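Read the structure below first, then the notes.
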2 protein chains.
Amino acid sequence: MSTIKDVAKKAGVSISTVSLVINGKGYVAPETREKIMSTIQELNYKPLHSARKLATKMTGNIGYIVWDVHFSEVEIFYSQIFLGMEYAARDSEHYILLTTVKEDFNPKTDLPRFLKYRDVDGVVLAGRVPHNLIKYLEDQNMPFVIVDYGIPGKVYNSIVIDNFNGAFQAIDQLIKSGKKKIGFVGGSFYHPSIKERYRGYKEALEAHGIGNIEYFNNYSFIKEEETSPEIGQNGINQLLKNNENLDAVFCCNDTTAIGVMNELKAQNKSIPKDIAVVGFDDITSSSFCSPALSTVRVPKLDIGKQAYKLITEIIYHPKETPQTRTISVEYIKRKSS
Amino acid sequence: MSTIKDVAKKAGVSISTVSLVINGKGYVAPETREKIMSTIQELNYKPLHSARKLATKMTGNIGYIVWDVHFSEVEIFYSQIFLGMEYAARDSEHYILLTTVKEDFNPKTDLPRFLKYRDVDGVVLAGRVPHNLIKYLEDQNMPFVIVDYGIPGKVYNSIVIDNFNGAFQAIDQLIKSGKKKIGFVGGSFYHPSIKERYRGYKEALEAHGIGNIEYFNNYSFIKEEETSPEIGQNGINQLLKNNENLDAVFCCNDTTAIGVMNELKAQNKSIPKDIAVVGFDDITSSSFCSPALSTVRVPKLDIGKQAYKLITEIIYHPKETPQTRTISVEYIKRKSS
DNA sequence: AAAATATATTAAAACGTTTCGATAAAACAA
DNA sequence: TTGTTTTATCGAAACGTTTTAATATATTTT
């Protein structure tokens, strides 16, 4: 492996000048620059990151933290966001270090190694994440961005999904296709996204003069736990028991919707003729299940890209006030509605 | 942030001695060691990785490469293996850098950045991966381990799944439960795992005196492409057309099995009464679908752990001859069989 | 008692960069 | 002309470790 020294010697200049060229800083005569560039090519020289990092006191790493349950079980949603970040970081100077944390995270004992050793320049937190972790990052003055989550009353640098409008659109479409008795099946409101989706559901119904307090009472099933197909299964049973005329269900996400569809199929209801089903997220399996699930597409790769962009902006140009960037979503009509 | 210098000064010893204590090398008097340890605690000193790496010429990183299609679309299989590695690496000295490559990978243009800059001490390749990438690693003398893949006629350091026995067991169970006409639905034999699963299927049938050439001809559907639910759908239709007496299907993996089940349900066949279905892998959705899918559980986290163990062994103690370590699997009976 | 070996500590070199400050030539302004 | 600013280059210090080789003392062997 050749070093900057080799390049300098071969090009007949000093180490400093080579460094200036590599980093595009200071004044370097055009011919000198050319000469150095071609020497770099010739020797196939690549700066050694550890040396560079030592000198600059940057780590060149960005941490990506996701709750372990979200990473392992709730499908591939947060992995796709990670991948979007990775794509964005590929041609730049960062590596993304992925790790998971437990729900009962304890900063004293469970700190990800890259935080303990300050081996990252910044951190992206994806989805519901322990609040004491956020606090830790604040205390440590570690730059961070929150993706698809938020804490009521607090404002952080974050990337959020336009959950309200996504839900609103979906319900609007259902109503326009003739559905009138539209149920909601959802999970944990700890997650503000789900709360927002419910708000979109309600306001769309109200906008069409359909929803009112009684309606929402009868047609909503909300269970305060992590979403899963089981919640969908229980939810649809509950709704059917209380409302014989139910003709559509809007689910807080695709995972739940799949549970709903399985249960409906088990009961020999026809989807969407008897009951239409709509999800949210557009996870991989939603287009595979049968009938293919109508849903609201969340552009996961793009979210990752935006998260990367924001965290790097913050690292290099600390913002005075926190930024919130909203990612818009799109209703995807498939066979289930 | 305190440095080794601060520790040395406060403990009243030289930098070298502190370094020896940190790395557990050389001779250090017990009292001195104690003193230094407590000083480290007091100052909350953490060695700076970039400095350490510069001195040792190690990067402290391990690359994890997976074909992009496998990462994004074929469920969470390879993400779980990654997570297993991450768990194993947590308390040690490595970070795992995850990246994906395209199928038509070109070493000249598509090289992952961590390879281009030699920012990893070793690499783990998961699943089907471009052969020219493997060649590149060999040429570069970069230590690597292949997980769940292999190239006929070549032997590499690798972690493989006991596909043969898994399939054998599954078929054995099906036969013992009274099934006689067992079909096989599978995808790309480019992937040796699938080939092995097919071999397990055949030999189990032969062992029971059931299978013969004609039988296998009639009851096998093999499509040379990436596995997907569609293959399952097409496969089961084909098998049903040619064999009215079909009473079970063994699928090369769960993704395919889900396609088979969906199609059977659409045709109002009862699972498992009319036709039993068995998959392979035990991906998350296999326990969620209805009826819950019987399958062969592949311990993904454990595979990741073993991969980490092997690559670190190779990095620190290069092996003369390549190691192949086999991970055993377990048949999981659920409702679909 | 002398020689050899094991234990303990350290100064200094090395790892490969970036960056600060110095120096000097070239361009411009008065 | 002289003085100032801009352009160009470089030597040397700094970043925080590990490691080598030197030195010194304590212990064991002969």
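Predicted, not measured: the structure shown is a model, and the values here were computed from it. Chain A is the first sequence line, chain B the second, and so forth, proteins listed ahead of strands; every chain is numbered from 1.
Taking the six-membered ring where tryptophan is involved, the planes of A:His191 and A:His70 are tilted, since the angle between them lies from 30° to 60°.
The side-chain contact (heavy atoms from CB on, under 4.5 Å) test with B:Tyr64 is passed by exactly one of B:Leu125, B:Thr99, B:Ile81: B:Ile81.
Separating the CG atom of A:Leu54 from the C1' atom of C:dT19 is a distance of 13 Å, rounded to the nearest angstrom.
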> Yes or no on side chain to side chain contact (heavy atoms under 4.5 Å, CB included) for B:Leu115 and B:Leu133, after CA distance, side-chain angles and deciding distance?
Replying inline: CA-CA 10 Å; B:Leu115 288 180; B:Leu133 171 57; 4.0 Å; yes

* To do: Tell me, with the steps shown, if B:Glu313 and B:Lys319 meet side chain to side chain contact (heavy atoms under 4.5 Å, CB included).
  => CA-CA 8 Å; B:Glu313 283 178 30; B:Lys319 308 260 185 245; 3.1 Å; yes

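The outermost nucleotides of DNA chain D lying under 4.0 Å from heavy atoms of chain A, listed 5' to 3', are D:dT7 to D:dG16.
Annotation: proximity of residues 22-38 of chain B to DNA chain D (heavy atom, distance under 4.0 Å) is found for B:Asn23, B:Lys25, numbered in ascending order. Only A:Val13, A:Ser14, A:Ser16, A:Thr17, listed by number, bring a heavy atom of residues 11-19 of chain A to less than 4.0 angstrom from any atom of DNA chain D.
Atoms CG and CZ, on A:Asn23 and A:Arg52 in that order, are 5.0 Å from each other to the nearest 0.5 Å.
Taking 4.5 Å as the limit, some side-chain heavy atom of B:Thr3 sits within range of a side-chain heavy atom of B:Asp6. Residues A:His49 and A:Glu93 are not in side-chain contact: their nearest non-hydrogen atoms beyond the backbone lie 4.5 Å or more apart.
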Result block: side-chain N/O donor-acceptor pairs under 3.5 angstrom for residues 149-156 of chain A, not counting sequence neighbours:
{"from": "A:Tyr149", "atom 1": "OH", "to": "A:His131", "atom 2": "NE2", "distance (Å)": "3.0"}

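Within 4.0 Å (heavy atoms only), A:Leu48 reaches sugar-phosphate atoms of the nucleic acid but no base atom.
Two end axes, each from the C1' atoms of five base pairs, can be drawn for the helix from C:dA1-D:dT30 to C:dA30-D:dT1; they diverge by 40°, to 10 degrees.
With DNA chain C read from its 5' end, the first of the two nearest nucleotides for A:Leu20 and A:Ala51 is the one closest to A:Ala51.
Contact record, B:Leu97 with A:Ile96: CD2-O, 4.4 Å, taken as the closest heavy-atom pair.
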Per-nt protein contacts along nucleotides 21-28 of chain C (heavy atom under 4.0 Å; B base, S backbone sugar-phosphate only, - none) come out as --------

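In this structure, B:Met37 places its CE atom where only 12 or fewer heavy-atom neighbours from other residues, nucleotides or ligands lie under 6.0 Å away.
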